[in-house]
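Keep in mind that this is a model prediction, so the values were computed, not measured.
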Amino acid sequence: MSFDRALVKKLLALAGCCVISWLALCPLSRAQAGHSESHQHVGWIPLAFLERPITLQTGIGSIHEQVSTSSKEAQEFYDQGLAYLESYFWAQAARSFYEALHYDPKLAMAYVGLSYAYSPMDFPAAETAMVRAKSLSSGISDREQRRIQIRALQLNAMLDPSKIERELAVRDALDDALAAYPDDVVFLLLRGVAQEPSPFADGQGCIDMQAATFFNRVLALDPNNFAAHHFLIHCYENNGLLQDALPHAKAYAELAPNV
């Protein structure tokens, strides 16, 4: 068995990017403690930067989640924010969700997206975003209501990671969602990530290969789902299966070349 050196280099480069993302998570408790009541910053990032306009990007991977909006632009920027989340580009994800809100200020799911982008940097800001999402949830779809519930359960689990029952509640809610929407790509991705032994899971800490079954179900539905390929890289590399990780590293690099 031999390794393709070019692919190994790509995999190492991707791993390096993930280390950088992991380092960005390290100041979490400091950001929480120092969160400004004036909300001029989210963690260490000026709010003015996160609210700065952003254009639609290419080469970052493509993912779609239908949300309750009549604005084509709001939907497009929401999807872009979701794509950035799957690659741990928290700031660019937040900017995309803010752009979606520019076109539809009542888009509840954009605030859900902001809660995901914020929590690695500023937990109180993530909670505030979820309060806003709930306030706008009247009249949205059952599927979106479930997304809000699941995210609220996850934030609750983050408050006290020692309470395993809170983390298990997240998995149970996702299992219920998948019973109702068995081919929902976003729920499948979230369920695979939730298999990690931490409520702060984001796909990088996959050590339970059961998570890979959810990501592979995504690829059976959508072979070009860059997020599933991304998470499978971590599942295999964390279990010492580099030869299995390499095809997913190649696919991720090809599907999201500008990441």
Side-chain angles (χ1 to χ4, degrees), residues 42 45 47-119 125-126 128-152 174 177-178 180-190 193 202-203 218-219 221-231 251-252 254-259:
V42 173
I45 300 179
L47 184 61
F49 172 79
L50 297 177
E51 293 179 337
R52 185 179 299 171
I54 189 173
T55 59
L56 290 173
Q57 307 295 304
T58 60
I60 62 170
S62 176
I63 191 166
H64 174 68
E65 179 179 25
Q66 189 63 45
V67 292
S68 294
T69 183
S70 60
S71 168
K72 174 178 175 289
E73 292 82 4
Q75 178 69 65
E76 289 175 335
F77 280 105
Y78 174 82
D79 287 342
Q80 176 166 292
L82 196 62
Y84 272 127
L85 285 181
E86 307 295 22
S87 292
Y88 318 132
F89 274 66
W90 316 123
Q92 292 297 77
R95 290 181 65 196
S96 299
F97 292 129
Y98 271 117
E99 196 68 24
L101 287 167
H102 170 76
Y103 288 100
D104 184 351
K106 296 183 178 181
L107 181 55
M109 286 299 295
Y111 284 102
V112 176
L114 283 172
S115 82
Y116 280 99
Y118 284 169
S119 60
T128 299
M130 278 304 297
V131 169
R132 185 63 175 146
K134 290 176 181 178
S135 74
L136 296 170
S137 64
S138 177
I140 66 175
S141 68
D142 170 74
R143 187 193 167 284
E144 290 166 291
Q145 294 281 4
R146 291 174 185 267
R147 285 276 272 122
I148 290 175
Q149 177 204 17
I150 290 162
R151 181 55 177 164
L174 280 163
L178 283 170
Y181 305 94
D183 293 334
D184 190 291
V185 166
V186 173
F187 282 138
L188 285 168
L189 290 171
L190 289 171
V193 169
D202 59 13
V218 171
L219 292 181
L221 295 165
D222 177 12
N224 290 324
N225 189 287
F226 80 103
H229 284 295
H230 184 188
F231 299 151
Y252 178 49
E254 290 175 349
L255 292 167
N258 290 338
V259 172

Identify, with sequence neighbours excluded, every residue that meets side chain to side chain contact (heavy atoms under 4.5 Å, CB included) alongside Gln57.
Ile54, Thr55, Ile60, Gln80, Tyr84
By side chain to side chain contact (heavy atoms under 4.5 Å, CB included) - contacts of Leu221 (at least two apart):
Asp183, Val185, Leu188
Heavy-atom pair with the smallest gap, counting every atom of [X] and [Y]:
X      : Y      : result
Ala91  : Ile45  : CB-CD1, 4.0 Å
Val218 : Ala228 : CG1-CB, 3.8 Å
Ala177 : Ile150 : CB-CD1, 4.2 Å
Leu107 : Ala100 : CD2-CB, 4.1 Å
Ser141 : Ser68  : N-OG, 3.8 Å
Ile63  : Ala83  : CG2-N, 3.7 Å

For [X], enumerate each residue passing the side chain to side chain donor-acceptor pair (under 3.5 Å) test, keeping only those at least two apart in sequence or located in another chain.
X      : result
Tyr103 : none
Glu76  : Lys72
Ser62  : none
Arg143 : Glu65, Asp184

side-chain hydrogen bond (donor to acceptor under 3.5 Å, both in side chains) for Gln75 and Gln66? Distances and angles first, verdict last.
CA-CA 7 Å; Gln75 178 69 65; Gln66 189 63 45; 3.2 Å; yes
So [Y] and [X], do their side chains get closer than 4.5 Å, heavy atoms only?
X      : Y      : answer
Arg147 : Val186 : yes
Leu82  : Tyr116 : no
Leu114 : Val42  : no
His102 : Phe77  : no
Val112 : Glu144 : no

Sequence neighbours excluded, the answer for ring pair (Phe, Tyr, Trp, His ring centres under 6.0 Å) partners of Phe231 is Phe215
Phe226: ring pair (Phe, Tyr, Trp, His ring centres under 6.0 Å) partners, not counting sequence neighbours:
none
Ignoring hydrogens and geometry, is there a side-chain-to-backbone donor-acceptor pair from [X] to [Y] under 3.5 Å?
X      : Y      : value
His230 : Asn225 : no
Arg151 : Ser115 : yes
Ser87  : Phe89  : no

Straight-line distance of [X] [atom1] to [Y] [atom2], nearest 0.5 Å:
X      : Y      : atom1 : atom2 : value
Leu255 : Asn224 : CG    : CG    : 5.0 Å
Leu136 : Met109 : CG    : CE    : 12.0 Å
Tyr88  : Asp202 : OH    : CG    : 4.5 Å

Applying side chain to side chain contact (heavy atoms under 4.5 Å, CB included), run through Asp142 and Tyr181 and close with a yes or a no.
CA-CA 11 Å; Asp142 170 74; Tyr181 305 94; 2.7 Å; yes
Can you name the salt bridge (Lys or Arg N to Asp or Glu O under 4.0 Å) partners of Glu51, sequence neighbours left out?
none
Working for side chain to side chain contact (heavy atoms under 4.5 Å, CB included), residues Val131 and Tyr111
CA-CA 9 Å; Val131 169; Tyr111 284 102; over 6 Å; no
Side chain to side chain donor-acceptor pair (under 3.5 Å) contacts in which one or both residues fall within residues 129-139, not counting sequence neighbours:
Arg132-Ser135
Scan residues 95-116 for pairs that pass salt bridge (charged side-chain N to carboxylate O under 4.0 Å, His left out), counting only residues two or more places apart or in two chains.
none
Run Tyr118 and Thr128 through side chain to side chain contact (heavy atoms under 4.5 Å, CB included) and show every step you take.
CA-CA 10 Å; Tyr118 284 169; Thr128 299; over 6 Å; no
